[in-house]
**Q** 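What follows is a structure written as structure tokens; I'll ask about it next.
Residue numbering restarts at 1 for every chain, and letters A, B, ... go by the order of the sequence lines.
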Protein chains: 2
Amino acid sequence: MAATLRDVAELAGVSIKTVSNVVRGYKHVKESTRTAVLAAIEQTGYQPNISARSLRIGRSGVIGLALPELALPYFAELAGAVISEAKEHGVTVLIEQTGAELDAEYDVLRSPSLQLTDGLIFSPLAMSQDDVARLEVDYPLVILGERIFDPPCDHVVMDNVVAARAATEHLIAAGCRRIAAIGAHLGEDQGSAALRLRGYREALEAAGLPYDESLVGYVGLWHRLDGAQAMHEVLARGVAVDGVFGMNDTLAFGALRALQDEGRRVPDEVKIIGFDDLDETRYTAPSLSTVDPGRLQIAQQAVRVLLSRIEERRSGGAAAAPRRYTTPFRIVERESTRRADAPAA
Amino acid sequence: MAATLRDVAELAGVSIKTVSNVVRGYKHVKESTRTAVLAAIEQTGYQPNISARSLRIGRSGVIGLALPELALPYFAELAGAVISEAKEHGVTVLIEQTGAELDAEYDVLRSPSLQLTDGLIFSPLAMSQDDVARLEVDYPLVILGERIFDPPCDHVVMDNVVAARAATEHLIAAGCRRIAAIGAHLGEDQGSAALRLRGYREALEAAGLPYDESLVGYVGLWHRLDGAQAMHEVLARGVAVDGVFGMNDTLAFGALRALQDEGRRVPDEVKIIGFDDLDETRYTAPSLSTVDPGRLQIAQQAVRVLLSRIEERRSGGAAAAPRRYTTPFRIVERESTRRADAPAA
DNA sequence: ATGAAAGCGCTAACAT
DNA sequence: ATGTTAGCGCTTTCAT
């Protein structure tokens, strides 16, 4: 079986305390002792038992990440960034998928598997402001996204309203006047869909353009198929459309496909912008303009905030008040919103 | 602080053993006792300490999953499937990214974070047959993919040669005679690229078509951009091309884009098939024919095999010999290989 | 600079 | 059916 401190100690002819000191890089160890211990560690192939250490010190070096679904590219890229950032700090990541189900989101907050986790980064999709009380947990928790506004925990967000407004203004600046919004959720007044719709409306208003319900495409989920269907629905209404704001890239890909299927030339007749800056946006035909939501920064910020909370708790300091961190976004212009008179890429 | 067995026991007026029995669903507990204990658990908010349990029983209920990168859609979807399957079995998943770096792949096999893991599912991308000895580890290990052929551990694979051959035969059946292969790795004779190239050659040979080096597009990685560049290179050679076998969907997306950029009509002038059945294949224009590699089945099989190895080890049974599990694939025909005379989708 | 020993919370063998 | 108790491997006082 795996070697323990005791095995190493015996082999090196010292006490387990000394081995422990060497393993943990304690300074005051005689050089000769250290060498002997290191040799014994090498020889036995000793690796510390994380469960035992974790039981003893109350931390495991593992953080949880709860998100809707890894098959959604946005979350896959986010998870990759979280894992990379965690690794920088010597921490590993345990992933839970909630499938965007409300019950699963409740469950994940009390999941027994989180017991061996030092804290959680949580990206809710079904929970809303009403559920804010559920976020009062007794472990460090960082939530992502703007579904909940004053959570009793740290919060890393990108400003959806401002970003959606900027995306819509980008279309307006490109000459669009009849801009469809694809991806709205019926009856929702919180969450990304509602916020991005609000940003869209603000941009229209600021430009003196009317808000026209017949230009809004409602969907269930933000999958490609939903984008395609919603786009077809809007076009079927027979209204004029010369621009499309897709509330995420995946919806926009579907909408782009629908436009092309119906013979609309993009960007000549209709311009379209998405949201997320998925890798894929670079490779569609035409390539998709989008909003870069600063995924990397969100991931880095979330990990750092979580780890500092964990450290704060370890050192027994008084808990600082929950903070909200807003990360920057960026409009990325690609072919799908290029003006006819603009130079090619 | 968090409640322990002792707290619950005290409150319920029983011993910790009884509480433990209730928690673990032991049958022989008096109904009234069980009720009292459950009430005490409810009241204290008791949750078992996984580290302690894990230390005691030697298992944590966590498995590791090591893969190149979550940002690659294939691996994101695979990881999602592994997590879902693991959850079915009450197990959680800790993910490590290797970035397809050889050193990182070596490291992951000895990573300290695996210490709290009961076993590992590993999808190597840089390791080769030469590294087979490194897979002799003292914990349950299941490897995925065909980079290594007779590993000293269980192995879940899809038959790349046969699948690539089937994909190429699909193009041939659709009338293609000048079929480019996009995604070869120079000098590689193991790994997916080499295997898929072999399947491609076998199909040509079986159909009596010549193998023409000028139709092979070499790449560094299997990203979209690589597919586009390789396709441009092949076209630049001025050779006739009426079919393209993309060694994965991502390459095929890039190649598709390149073909369209150069004014080739797909599928009328050139047909193209990819490999992986990413969700995205349904939404490109034209939609992409591909090979469904049975990701879900790979994930399920891998988790089940790993868990049964863990169970085998727990029960102290003699270890059965490592097995190879081959999962089935399926050709998915979409628009990109449709014959002119075939009915539309 | 190093050793002895307590105990983190749990499970399981043994006892009743 | 339930209680007692010995560790699992580690970190950490407290000695020396």
**Q** Five pairs per end, C1' atoms only: what is the angle between the end axes of the helix from C:dA1-D:dT16 to C:dT16-D:dA1, to 10 degrees?
**A** 30°
**Q** Report which part of the nucleic acid B:Ser54 touches: base, sugar-phosphate, or nothing (heavy-atom distance under 4.0 Å, all strands).
**A**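 Since no nucleic acid heavy atom lies under 4.0 Å of B:Ser54, the category is nothing.
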**Q** Quick one: salt bridge (charged side-chain N to carboxylate O under 4.0 Å, His left out) partners of B:Asp154, sequence neighbours excluded?
**A** B:Arg309
**Q** Can you name the residues that form a salt bridge (charged side-chain N to carboxylate O under 4.0 Å, His left out) with B:Arg147, not counting sequence neighbours?
**A** B:Glu188
**Q** Would you please name every residue forming a side chain to side chain donor-acceptor pair (under 3.5 Å) with A:Arg134, sequence neighbours left out?
**A** none
**Q** How does protein contact run along nucleotides 7-16 of chain D, one letter per nucleotide 5' to 3', with B for base contact, S for sugar-phosphate only, - for none, heavy atoms under 4.0 Å?
**A** BBBBBB----
**Q** Check whether any side-chain heavy atom of A:Val157 sits under 4.5 Å from a side-chain heavy atom of A:Tyr325, and report yes or no.
**A**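 No, their side chains stay 4.5 Å or more apart.
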**Q** Do any side-chain atoms of residues 70-83 of chain A form donor-acceptor pairs under 3.5 angstrom with protein atoms, and if so which ones, sequence neighbours left out?
**A**
residue: A:Glu77; atom: OE1; partner: A:Arg295; partner atom: NE; Å: 3.3
residue: A:Glu77; atom: OE1; partner: A:Arg295; partner atom: NH2; Å: 2.9

**Q** OH of B:Tyr26 versus P of D:dT2: gap in Å, rounded?
**A** 10 Å
**Q** How would you list, by chain and number, every residue that makes a salt bridge (charged side-chain N to carboxylate O under 4.0 Å, His left out) with B:Glu69, sequence neighbours excluded?
**A**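 With sequence neighbours excluded, B:Glu69 shows a salt bridge (charged side-chain N to carboxylate O under 4.0 Å, His left out) to no residue whatsoever.
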**Q** Got a sec, which pairs hit side-chain hydrogen bond (donor to acceptor under 3.5 Å, both in side chains) with one end in residues 100-109 of chain A, sequence neighbours left out?
**A**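 Pairs touching residues 100-109 of chain A that pass the test: A:Tyr106-A:Asp131.
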**Q** So which pairs with a foot in residues 5-63 of chain A pass ring-ring contact (aromatic ring centres under 6.0 Å, His included), sequence neighbours left out?
**A**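 Sorted result for residues 5-63 of chain A: A:Tyr26-A:His28.
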**Q** What residues, two or more places apart in sequence or in another chain, satisfy salt bridge (charged side-chain N to carboxylate O under 4.0 Å, His left out) together with B:Arg314?
**A** B:Glu311
**Q** Contact boundaries of DNA chain C with chain B (under 4.0 Å, heavy atoms), 5' to 3'?
**A**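 Range of nucleotides within reach of chain B: C:dG9 to C:dA13.
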**Q** Could you tell me which residues satisfy side chain to side chain contact (heavy atoms under 4.5 Å, CB included) with B:Gln300, sequence neighbours excluded, listed by chain and number?
**A** B:Glu85, B:Leu296, B:Arg304
